[in-house]
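Quick notes on the structure that follows.
What you see below is based on every heavy atom in this structure, not just the backbone, and it leaves out hydrogens, waters and symmetry mates. These numbers were taken from a predicted model, which means no experiment stands behind them.
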Number of protein chains: 2
Amino acid sequence: MRTLGVTNDTALLRRLNTRATLHALRQGGPQTLTQLARAAGLSRQTAEVALSDLAERGLAEESSPTGGTAGRPARRFRFRAEAGHVVGLDVGPRRILAMLADLDGDVIEERRLDADEHMPAAERLALAERAATACVRAAGLARGGVWAATVGTSGVVDRSGRVSVSTLIPGWSGLDLAGQVGRWFGCPGFAANDANLAAVAEHWRGSARHVEDLVYVLSGYRAGHGLLLDGRLRTGRTGSAGELGRLPLIGWEDSSVVLDRAGRDAEEIFQAARAGDEEALAVVDRLAHGLAQGAAALVLVVDPELVVVGGGFSRAGELLLDRMRAHLTEMCRNPPEVALSTFGEESIALGAVRMALDHVERERLGL
Amino acid sequence: MRTLGVTNDTALLRRLNTRATLHALRQGGPQTLTQLARAAGLSRQTAEVALSDLAERGLAEESSPTGGTAGRPARRFRFRAEAGHVVGLDVGPRRILAMLADLDGDVIEERRLDADEHMPAAERLALAERAATACVRAAGLARGGVWAATVGTSGVVDRSGRVSVSTLIPGWSGLDLAGQVGRWFGCPGFAANDANLAAVAEHWRGSARHVEDLVYVLSGYRAGHGLLLDGRLRTGRTGSAGELGRLPLIGWEDSSVVLDRAGRDAEEIFQAARAGDEEALAVVDRLAHGLAQGAAALVLVVDPELVVVGGGFSRAGELLLDRMRAHLTEMCRNPPEVALSTFGEESIALGAVRMALDHVERERLGL
DNA sequence: CCAATTATGAGAAGACGCGACGTAAAGCTA
DNA sequence: TAGCTTTACGTCGCGTCTTCTCATAATTGG
């Protein structure tokens, strides 16, 4: 059942119009009052009221009028992206990446730390906190300057941000990651699966910028996927949407075996394949076949506009994708586009930033 | 990018409040003015204005005040469900079912016609039109009394309501079903895949009433599925979400072979199994295994709250479901509930009714 | 220095929703 | 049957929000 607004008085109207003005301001960069009013579909006066409201909340600022054109100089306003910040974290088995971004989503600080696969949970968390606080300190933020924080990690993360199952990180299962990260900065905290966040990042600013329905396939030392429909992340009832790799008949487990057999020489194999080595090409083709099988299941289930391939194996590049497209065409009537991930290893932290921004836009900006 | 309202003046407010009032009226049945105002979160005066607006549009009506309680008798209003009607059609290979429903979604007329598998498209369409118009005539509706019509059918139906692929009905591919049905009644027409509509029906009033994320598995002489997330139907880019059965390794094609070998004695096998016949039980188990394999893929991809099993094979009942649950538990970490379809063969036409109502509520009621 | 251009600022009008207050119409009781 | 109680109705006035209009201000270009 749809929820209907509770207060339908004129105050709602102003909230709505302030929202529209803010939207126009963020969308079109610094603009004059008249431009903003037109962009927001409002009268100049209304936009003016909304802007003074936003200015009071620190979200907008009048900048000096720029000449150049005839006529009375217009008042110009800009969005104060520096009014707040969010933290995005990627805590993986071997790597920790922290990002600090402003309200425009521009990353202004970044810290990378190595971790050990067998590192206990407490130590790993301490490392993550150190990386994140280093970013915050470097940016010179005061307490309360972080408005939301999200952490991405491998494993199943439930709706509340708790890790329900993690096979790759010791001591991770049962951890309340969202609560942890929230306590570090005294702000709302969130946690999500890494493949899901990678999908979010690709949709935000990566290969999937222009589509609303997409599947992200994480192919590497482990398999997983992320699903975005109507531009929104779908994590399912328990947060375990994205575990298709668990189904043996899909063959994703095998895919990693294909290369695991070649040990750490995956990159070597890809190079050999690019050079035309028959045997290496066969390996890549087998890999592509496995990936295509899982992708086909995804495509036949949700029929997305785009499949984005990321993770370690995606370094095989277009070579892998071409084989994958070929196999996919055999398996599906009308296969979607297949593209490489844009951000590679940074996608998880970026997706975390985006998810934190989602919360800020919803709750603090009122969008 | 989110679309923002274009006219944020006070007229928007009235639309919103009228909508809230209509919602309260439909939700709670006939009510007094004061009750309606409270339910809609509005002042009595505002609700009154909204109701007179709705009355002018024929959607609400003041009914005679009922005594019984002390105090001045309250004005009572009721939703005029008879103000408009919708048609829902199920056009299958062997069967045509037409339903006429009012704005409450109550089915007031129904016609069933047999068709032949090899019947040419034009003849099948004529039959469908006859069934539908018979309903409309029996209800005594004037021209324009049907506000929307939807037809469900097997095969892939694209976003525009055109059948892009149909392997079961001759001459069906390429047909503009939505346009056809719209022309019959001079109203907006829609078309959708049958498994998708069955999912909609189960969510509306069936086994999936209380969930928002569900998968409907159609298991019978052919396989298919329907997907609802956040209560909304997901048909994908080309409308072909629901074709998981096409992936050979899922084993759904085989499932039908399992029973096809037993010919038309499927019902007999189910009965024998229920009586404890070992061999029959083995057949049911094999069927359940195949179904579970596909369902597991669905569950691992979208992690729904519920899997609803429908179609001819679902007549095997709880026996089949129990085996399916067992297999599913082996394949997924934390499998969802599994339930039988509530509506059986009527689900497709019912889903079509619901989809037509969706349009009416969106466009004509302004909900 | 003047004309053209562009944006500003103030005031009036229209629409909407809500609270308050007096009034109307029933049931209940003596 | 008269009066009390209860419940809801109807109207009035106020405040908020948006838009339209028109006079005014501040630039640029010739």
Restricting to side-chain contact (heavy atoms from CB on, under 4.5 Å), what partner residues turn up for [X], sequence neighbours left out?
| X | result |
| --- | --- |
| B:D358 | B:R354, B:R362 |
| B:Q31 | B:Q35, B:L36, B:A39 |
| B:N196 | B:N193, B:L233, B:T235 |
| B:R162 | B:D158, B:S160, B:D176 |

> For C:dG17, does either OP1 or OP2 sit under 4.0 Å from a side-chain N or O belonging to B:N17?
Replying inline: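 Result: yes.
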
> Does the side chain of A:T10 get closer than 4.0 angstrom to OP1 or OP2 of C:dG17 through an N or O atom?
Replying inline: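 No, outside the criterion.
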
> With A:F185, which residues qualify under ring pair (Phe, Tyr, Trp, His ring centres under 6.0 Å), at least two apart?
Replying inline: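 Here no residue qualifies.
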
Calculate the interatomic distance between [X] atom [atom1] and [N] atom [atom2]; express it in whole Å.
| X | N | atom1 | atom2 | answer |
| --- | --- | --- | --- | --- |
| B:L51 | D:dG10 | CG | P | 12 Å |
| A:R14 | D:dT16 | CZ | P | 10 Å |
| B:L16 | D:dC17 | CG | P | 16 Å |
| A:L12 | C:dC18 | CG | C1' | 15 Å |
| A:R75 | C:dT6 | CZ | P | 20 Å |
| A:R15 | D:dT16 | CZ | P | 16 Å |
| B:E48 | D:dC12 | CD | P | 14 Å |
| B:L33 | C:dA25 | CG | C1' | 16 Å |

Pairs: protein N or O with nucleotides 20-24 of chain C N or O, under 3.5 Å:
from   : atom 1 : to    : atom 2 : distance (Å)
C:dA20 : N6     : B:Q45 : NE2    : 3.0
C:dA24 : O4'    : B:R72 : NH1    : 3.3

>> Regarding B:D230 and A:R232, does a basic nitrogen lie under 4.0 Å from an acidic carboxylate oxygen?
In response: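 Answer for the salt bridge query: yes.
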
> Can B:D106 and B:R205 be counted as an ion pair, charged N to O under 4.0 angstrom?
Replying inline: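 Yes, B:D106 and B:R205 are salt-bridged.
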
> Nearest nucleotide by nearest heavy atom, which residue falls closer to the 5' end of DNA chain D, A:S43 or B:R76?
Replying inline: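 Its nucleotide being nearer the 5' end, the pick is B:R76.
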
> When you measure from the side chain of B:L42, which nucleotide among D:dT27, C:dG27, C:dC18 comes out closest?
Replying inline: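 Looking only at side-chain atoms, B:L42 lies closest to C:dC18.
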
